[in-house]
Amino acid sequence: MTAKIAYDDIEVGTELPAQTFPVTRATLVQYAGASGDFNPIHWNEKFAVGVGLPDVIAHGMFTMAEAARVVTDWVGDPGAVVEYGVRFTKPVVVPNDDEGATIEIGAKVAAKLDDNTVRVDLTAMSAGQKVLGRAQAVVRLA
């Protein structure tokens with residue numbers, strides 16, 4: 001696969017389509033099984049509260065991956081992401097109800113770089129709080 005977005009067609013400030021991702025306790029169990037991360041803070045409410053958390057929280061790497069989906073969906077090729085990093089600022093709290101939580105992701109092109117690459121800055125929010133800080137991806141465009 002190759003990037004479907006042409007470098008010459010992109011301007012600094014271009015906004016990527018925002019996305020909202022639902023997160024339920026079932027989602028966390030599925031992710032735990034796929035990742036092998038069975039830390040009880042991600043599935044056991046009693047344990048999570050016992051260590052000082054407000055409730056069960058989503059895996060940080062899960063939150064990071066959901067944010068990256070905005071970039072990979074936009075560019076059309078996951079292999080076009082040449083660098084990606086975030087800081088975890090707040091947890092995504094996932095209540096034990098029918099709704100769970102949501103992660104809202106916005107992104108925009110912040111800089112055009114060398115070699116047909118751009119830096120994309122992402123914003124990740126859940127329950128009105130920023131859950132990822134300094135979330136940035138460098139993407140090679142066509």
Side-chain angles (χ1 to χ4, degrees), residues 1-45 47-49 51-142:
M1 290 175 52
T2 59
K4 296 178 181 180
I5 307 290
Y7 180 83
D8 292 335
D9 294 340
I10 296 301
E11 302 290 331
V12 170
T14 299
E15 291 193 23
L16 283 62
Q19 294 188 48
T20 299
F21 301 100
V23 186
T24 64
R25 296 281 178 97
T27 308
L28 300 182
V29 171
Q30 291 168 336
Y31 182 82
S35 69
D37 181 353
F38 293 100
N39 187 325
I41 64 172
H42 303 304
W43 57 269
N44 183 319
E45 185 174 334
F47 184 88
V49 171
V51 297
L53 295 168
D55 204 334
V56 165
I57 62 170
H59 303 73
M61 296 304 285
F62 172 81
T63 304
M64 186 178 178
E66 292 292 68
R69 286 177 58 186
V70 170
V71 177
T72 59
D73 287 354
W74 172 70
V75 77
D77 178 6
V81 177
V82 296
E83 187 177 320
Y84 180 52
V86 306
R87 288 190 180 151
F88 301 106
T89 57
K90 298 275 186 193
V92 174
V93 178
V94 183
N96 191 18
D97 59 20
D98 292 333
E99 295 181 28
T102 57
I103 305 170
E104 300 93 23
I105 309 295
K108 69 177 180 177
V109 175
K112 291 184 84 169
L113 309 171
D114 296 332
D115 198 23
N116 281 17
T117 60
V118 296
R119 189 186 86 224
V120 176
D121 291 352
L122 298 100
T123 303
M125 305 286 291
S126 184
Q129 295 190 337
K130 191 174 182 180
V131 295
L132 297 178
R134 198 162 166 77
Q136 298 180 331
V138 175
V139 183
R140 180 162 290 111
L141 302 179

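In this text the structure is predicted, and so the values were computed from the model without any measurement. Residue indices begin at 1 and follow the sequence shown.
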| note | Here the gap from L16 atom CG to T72 atom OG1, rounded to the nearest 0.5 Å, amounts to 10.0 Å
| message | Using 0.5 Å steps for rounding, measure from the NZ atom of K108 to the CZ atom of R119. | response | 9.5 Å
| field | Flag side-chain contact, heavy atom, 4.5 Å: I103 against F62 | value | yes
| remark: Exactly one of V118, I5, L141, V139 clears side chain to side chain contact (heavy atoms under 4.5 Å, CB included) with V109, and that residue is V118
| remark: One should read off an interatomic distance between R69 CZ and E66 CD, to the nearest 0.5 angstrom, of 4.5 Å
| task | Keeping the roles fixed (side chain from Y31, backbone from D37), state whether a donor-acceptor pair exists under 3.5 Å. | result | no
| task | Specify the closest pair of heavy atoms between L122 and A67, including all atoms of both residues, with the distance to one decimal. | result | CD2-O, 3.3 Å
| query | Among D115, T2, T117, which one satisfies side-chain hydrogen bond (donor to acceptor under 3.5 Å, both in side chains) with R140? | reply | D115
| remark: The reported gap from OG1 in T27 to NE2 in H42 (rounded to nearest 0.5 angstrom) is 13.5 Å
| query | At their closest point, which heavy atom of F88 faces which heavy atom of G60, and how far apart are they? | reply | CE2-O, 3.1 Å
| message | Among V92, I57, I41, V23, which residue satisfies the side chain to side chain contact (heavy atoms under 4.5 Å, CB included) criterion with L28? | response | V23
| Does T63 reach the side chain of L132, with side-chain heavy atoms less than 4.5 Å apart? | yes
| Side chain of T102, backbone of P22: donor and acceptor closer than 3.5 Å? | no
| query | Looking at A142 and A3, what are the two nearest heavy atoms and their distance? | reply | CB-O, 3.5 Å
| When rounded to the nearest 0.5 angstrom, what distance separates CH2 in W74 from OG1 in T14? | 7.0 Å
| query | Quick one: do the Q19 and D73 side chains pair a donor with an acceptor below 3.5 Å? | reply | yes
| note | What one should report as the nearest heavy-atom pair of V49 and P54 is CG2-O, 3.9 Å
| Distance (rounded to the nearest 0.5 Å) between D114 CG and Y7 OH | 7.0 Å
| request: Check for a donor-acceptor pair, side chain of R134 on one end and backbone N or O of G85 on the other, with a separation under 3.5 Å. | output: no
